[in-house]
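Any value given below was found using the heavy atoms of this structure, including those in side chains, with hydrogens, waters and symmetry copies removed.
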Amino acid sequence: MSRPIRIGVQLQPQHAPRYDLIRDAVRRAEDAGVDVVFNWDHFYPLSGDPAGEHFECWTMLAAIAEQTERVQIGALVTGGGYRNPDLLADMARTVDHISGGRLILGIGAGWFQRDYDEYGYEFGTPGTRLALLKEYLVRIDARLKKLNPQPLRDIPILIGGGGEKKTLRLVAEYAQIWHTFADIDVLQRKSKILAEHCGDVGTDPATIERSVDWPGEDKADALVAAGATLFTVGSGGPDYDLSTVEAAIRWRDKQV
């Protein structure tokens, strides 16, 4: 399956003392030509001052959906254990409608313990969090089919993570996009493992888009050769510098 190369930006909702700074960054990103605007689902900054400013993910996605016209939007990624999965499916359906059918439902098992401890969720172990994610994916799929009105399209599921036995199995079963933090060799090796899982569950591995962080122009071509087509640049507050995003877009436009 031939896919276009896409550029995303993750506008990290940290260190922005006012929401209008994020709103402006979203406007600049869409005007610059990005394909996807992501945020993330945490409750505290992941870098810099741990007591710094921070905003919540899904209320922000609703605002981004209303503000934008063209870009796809989503979380990179939603913490699987942070919300009742039936409610999350309803939230996703609603944001999909607000956006006119542009939502990507990104989800992962979660890993940032402070989020769990401060907000009263059970942190557990990587194994228990992955088991919960599997349970939640089943419930999300079932709830999406029951909602009235239905989503405007089959909302694509993005699963983030690289665990070879469990996470990649969930990708094979439920996802249309797989996001991983991997270099070329690791991406190639794990893509083969994903293909094996796809064979077990009857999924064509070519239907799953490979998504990675932007590695720089000097490495991007090799990652495309390894199968990656969605590249995402991170940018945090308060300035939301998009110069790297703009460089990635120029590289994308040369690939046609």
Side-chain angles (χ1 to χ4, degrees), residues 1 3 6 8 10 36 38 40-42 57 72 74-89 91-92 103-113 115-116 121-146 151 153-213 223-224 226-232:
M1 178 179 293
R3 295 182 182 277
R6 303 197 292 163
Q10 185 189 53
V36 189
F38 291 113
W40 70 28
D41 190 19
H42 295 286
C57 169
Q72 291 194 311
L76 190 65
V77 291
T78 305
Y82 295 166
R83 297 167 189 83
N84 173 286
D86 293 81
L87 173 61
L88 178 60
M91 292 163 59
L103 180 71
I104 295 170
L105 178 49
I107 193 165
W111 62 273
F112 189 43
Q113 186 167 354
D115 286 344
Y116 290 81
Y121 302 114
E122 182 179 352
F123 186 58
T125 67
T128 61
R129 293 194 298 277
L130 279 166
L132 189 66
L133 176 60
K134 180 174 182 177
E135 174 192 334
Y136 278 18
L137 285 164
V138 172
R139 290 175 60 182
I140 288 168
D141 181 65
R143 179 56 56 185
L144 285 171
K145 293 173 180 175
K146 296 177 181 178
R153 60 172 179 164
D154 289 334
I155 298 174
I157 303 293
L158 179 155
I159 294 178
E164 297 177 5
K165 293 182 179 179
K166 296 180 179 180
T167 302
L168 292 182
R169 181 74 172 203
L170 293 176
V171 172
E173 290 183 281
Y174 296 101
Q176 288 73 53
I177 308 171
W178 167 46
H179 183 81
T180 183
F181 304 95
D183 60 21
I184 297 163
D185 292 339
V186 174
L187 178 62
Q188 290 175 324
R189 180 173 60 82
K190 292 194 176 187
S191 288
K192 291 179 181 177
I193 295 170
L194 175 59
E196 293 172 358
H197 286 301
C198 286
D200 291 340
V201 301
T203 299
D204 180 354
T207 63
I208 301 173
E209 185 173 17
R210 273 63 165 175
S211 167
V212 296
D213 288 348
L223 279 165
V224 170
T229 56
L230 174 56
F231 296 87
T232 298

field: Residue pair Phe181 / Val186, side-chain heavy-atom distance below 4.5 Å
entry: no

- prompt: Are side-chain heavy atoms of Leu88 and Ile107 found at a separation under 4.5 Å?
  reply: yes

field: Beyond-backbone contact of Val171 with His197, side-chain heavy atoms, under 4.5 angstrom
entry: no

message: Please check: side-chain N/O of Asp115 versus main-chain N/O of His42, any donor-acceptor pairing under 3.5 Å?
response: no

message: Using every non-hydrogen atom in the two residues, find where Phe112 and Tyr82 come nearest and quote the distance to one decimal.
response: O-OH, 4.1 Å

field: Salt bridge Lys146-Asp86, side-chain N to carboxylate O under 4.0 Å
entry: no

message: If you define the side chain from C-beta out and look only at heavy atoms, does anything of Tyr121 sit under 4.5 Å from Leu132?
response: no

- prompt: Taking all non-hydrogen atoms of both residues, which atom of Gly127 and which atom of Lys166 are closest, and how far apart?
  reply: CA-NZ, 4.2 Å

message: Do Val77 and His179 make a side-chain contact, defined as non-hydrogen atoms from C-beta onward lying under 4.5 Å apart?
response: no

query: From Leu223 CG over to Gln188 CD, what is the distance, rounded to the nearest 0.5 angstrom?
result: 9.0 Å

task: Please name the pair of heavy atoms, one in Leu130 and one in Ala109, separated by the smallest distance, quoted to 0.1 Å.
output: CD2-CB, 3.9 Å

query: Are Gln72 and Leu230 close enough that some pair of their side-chain heavy atoms sits under 4.5 Å apart?
result: no

- prompt: Rounded to the nearest 0.5 Å, how far apart are CG of Asp154 and CG of Leu105?
  reply: 12.5 Å

message: For Ile184 versus Ala226, what's the shortest heavy-atom pair and its separation?
response: CG2-CB, 4.2 Å

- prompt: Counting only N and O atoms by type, is there a donor-acceptor contact under 3.5 Å from the side chain of Arg210 to the main-chain atoms of Thr229?
  reply: no

- prompt: Does the side chain of Asp141 come within less than 4.5 Å of Leu137's, by heavy atoms?
  reply: no

- request: Take Arg169 and Asp200 through the test side-chain contact (heavy atoms from CB on, under 4.5 Å) and record every step on the way to the result.
  value: CA-CA 9 Å; Arg169 181 74 172 203; Asp200 291 340; 3.2 Å; yes

message: Testing the basics here: between Cys198 and Ile208, what is the closest heavy-atom pair and its distance to 0.1 Å?
response: SG-CD1, 3.7 Å

task: Determine the sole option in Leu194, Thr167, Val212 for which the side chain to side chain contact (heavy atoms under 4.5 Å, CB included) test with Trp178 is passed.
output: Leu194

message: Donor-acceptor pair, distance only, cut-off 3.5 Å: does the side chain of Arg153 make one with the backbone of Leu103?
response: yes

- prompt: side-chain contact (heavy atoms from CB on, under 4.5 Å) between Tyr174 and Ile140: does it pass, once the steps are laid out?
  reply: CA-CA 10 Å; Tyr174 296 101; Ile140 288 168; over 6 Å; no

- request: Show your working on side-chain hydrogen bond (donor to acceptor under 3.5 Å, both in side chains) between Gln10 and Thr232 and close with a plain yes or no.
  value: CA-CA 7 Å; Gln10 185 189 53; Thr232 298; over 6 Å; no

field: Pairwise side-chain contact, Arg83 with Thr78, heavy-atom cut-off 4.5 Å (strictly under)
entry: yes

field: Shortest non-hydrogen contact from Ala172 toward Val201
entry: O-CG2, 3.7 Å

